[in-house]
Amino acid sequence: TVFYGPYSEGLAMSKSQYGSTIYYLNKEGKTQFSIPGKDGFPCKDGRIKIKNNSDKFLYVDINGKPINNSTYDDLGDFYNGLAGFMNNKKGGYIDTAGIVVIPAQYDEVSNFSNGTAIVKVGNDFFQINKVARPITSNKYIAASDPSKGFFPVKKTSGFGLIDEKGKIIATNLRGKL
C-alpha cells in the first residue's frame, strides 16, 4: 500500500498500489477500515468522502460505514452541517446523517456559509437558506462558492460580493468568479 496522509481527525488514507482498495489507518498505523474505491479524502467532522469504483461518491463514518444507502455523481464537503450533491444533473443537500434535507432541484449548488448557499436554476443564480427558501428576490448571471463568508456574484453591471443576508457589500470588482 502507498501512504497518502496526512492524518485528519486521527485517520490517514493509504491505497493499494495495484488494487482498488482504500485503507484508513489510525495513529498506530493499523487499519481502521478498508473500502473498495478509487479515491478517498481527509476525514472532516467524522465523515469521509469516498469515490467508489463506479466513479460515484458517498460518505462513510470513521469506521467505514456508509452514512446512507445513496451514491452521488458529485458530492461536496460539509459546511454548516450540509453537503451539496449532484445526481442526474440536479443538485440538492444532505445533512451529516445522510438525510436529503433539500431535494435535488437545482442545476448548480454551492457550499453553505453562515446558513445560506447560492444555487442555479436555468440561467439564474440566487441565494437560499437551509430550508431552500430564497433569501431575497435578487438574481445573478454568475456566482461561486463563498469565501470568508461572502459570495462572489455577477450582474450585468459587474462583479460584487454579497453577505449571508443577500446584502451587497462590494461592487464594481474586477476579475473573474
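If you read the sequence from its start, that first residue is 1, and numbering goes on from there. These figures come from a predicted structure and were not determined experimentally.
- Residues V101 and Y59 do not share a hydrophobic cluster, clusters being chains of Ile/Leu/Val/Met/Phe/Trp/Tyr side chains in contact below 4.5 Å.
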Exercise. Taking it one step at a time, do V109 and I102 satisfy side chain to side chain contact (heavy atoms under 4.5 Å, CB included)?
Worked result: CA-CA 11 Å; V109 295; I102 299 177; over 6 Å; no

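- Within the 4.5 Å cutoff, the side chain of V2 has no heavy atoms near those of the S14 side chain.
- No donor-acceptor distance shorter than 3.5 angstrom exists from the side chain of N111 to the backbone of D145, with no hydrogens or angles considered.
- Between G40 and I22 the shortest heavy-atom distance is N-CD1, 3.6 Å.
- Rounding to the nearest 0.5 Å places CG of L58 at 7.0 Å from OG1 of T71.
- Between the side chain of Q127 and the backbone N or O of G166 there is at least one donor-acceptor pair closer than 3.5 Å.
- Taking the six-membered ring for Trp and the full ring otherwise, the centers of Y93 and F112 sit less than 6.0 Å from each other.
- When all heavy atoms of F150 and P152 are compared, the closest pair comes out as O-CD, 3.6 Å.
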For this session: Begin with the C-alpha distance, continue with both residues' side-chain angles, and end with the deciding distance and a verdict on side chain to side chain contact (heavy atoms under 4.5 Å, CB included) for D61 and F33.
Result: CA-CA 10 Å; D61 66 17; F33 70 88; over 6 Å; no

Exercise. Yes or no on side chain to side chain contact (heavy atoms under 4.5 Å, CB included) for T31 and Y24, after CA distance, side-chain angles and deciding distance?
Worked result: CA-CA 6 Å; T31 300; Y24 278 84; over 6 Å; no

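- Classification of the F41-F57 ring pair by plane angle, with boundaries at 30° and 60°, yields tilted.
- Here the OG-NZ distance, from S54 to K38, works out to 8.0 Å after rounding to the nearest 0.5 Å.
- A pairwise comparison of heavy atoms in F3 and A12 identifies CE1-CB, 3.5 Å as the closest pair.
- A donor-acceptor distance shorter than 3.5 angstrom exists from the side chain of K130 to the backbone of N80, with no hydrogens or angles considered.
- The number of heavy atoms from other shown groups lying within 6.0 Å of CG (N63) is above 12.
- Salt bridge status for K56 with D73: present, with a side-chain N to carboxylate O gap under 4.0 Å.
- A donor-acceptor pair under 3.5 Å links the side-chain atoms of E9 to the main chain of D45, judged by distance alone.
- Within the model, atoms CD1 of I135 and CG of N129 stand 4.5 Å from one another, a figure rounded to the nearest 0.5 Å.
- The side chain to side chain donor-acceptor pair (under 3.5 Å) test applied to K120 returns no partner, not counting sequence neighbours.
- With hydrophobic clusters built from ILVMFWY side chains whose heavy atoms lie under 4.5 angstrom apart, Y23 does not share a cluster with I35.
- Side chain of S8 to main chain of C43: a donor-acceptor pair is present (N/O by atom type, distance under 3.5 Å, no hydrogens or angles).
- Here the OH-OG distance, from Y106 to S110, works out to 11.0 Å after rounding to the nearest 0.5 Å.
- Atom CG of N26 is separated from atom CD1 of I62 by 10.5 Å, given to the nearest 0.5 angstrom.
- Residues P36 and N53 come closest through the heavy atom pair CB-ND2, 3.7 Å.
- Judged by the 6.0 Å and 45° rule, K44 forms no cation-pi pair with F78.
- For I67, the CD1 atom counts as densely surrounded, since its 6.0 Å shell holds more than 12 non-hydrogen atoms of other residues, nucleotides or ligands.
- Note on I162 and I141: separate hydrophobic clusters, where clusters join Ile, Leu, Val, Met, Phe, Trp and Tyr whose side-chain heavy atoms are under 4.5 Å apart, directly or indirectly.
- A heavy-atom distance below 4.5 Å is found between the side chains of L75 and I94.
- The two residues S144 and F151 have their closest heavy-atom pair at O-CD2, 4.0 Å.
- Residue Y18 is not grouped with residue Y4 when hydrophobic side chains (ILVMFWY) are merged at heavy-atom distances under 4.5 angstrom, including chains of intermediate members.
- The minimum heavy-atom distance between S113 and E164, with the atom names listed, is O-CB, 4.3 Å.
- Summarising the local packing, CG of D55 is surrounded by more than 12 heavy atoms from other residues, nucleotides or ligands at distances under 6.0 Å.
- Between atom CG of residue D107 and atom CZ of residue F125 there is a gap of 9.0 Å, rounded to the nearest 0.5 Å.
- Seen from the ring of F126, K139 counts as a face-on cation partner, given the 6.0 Å and 45° thresholds.
- Taken together through direct or relayed side-chain contacts under 4.5 Å among Ile, Leu, Val, Met, Phe, Trp and Tyr, M13 and I48 form part of one hydrophobic cluster.
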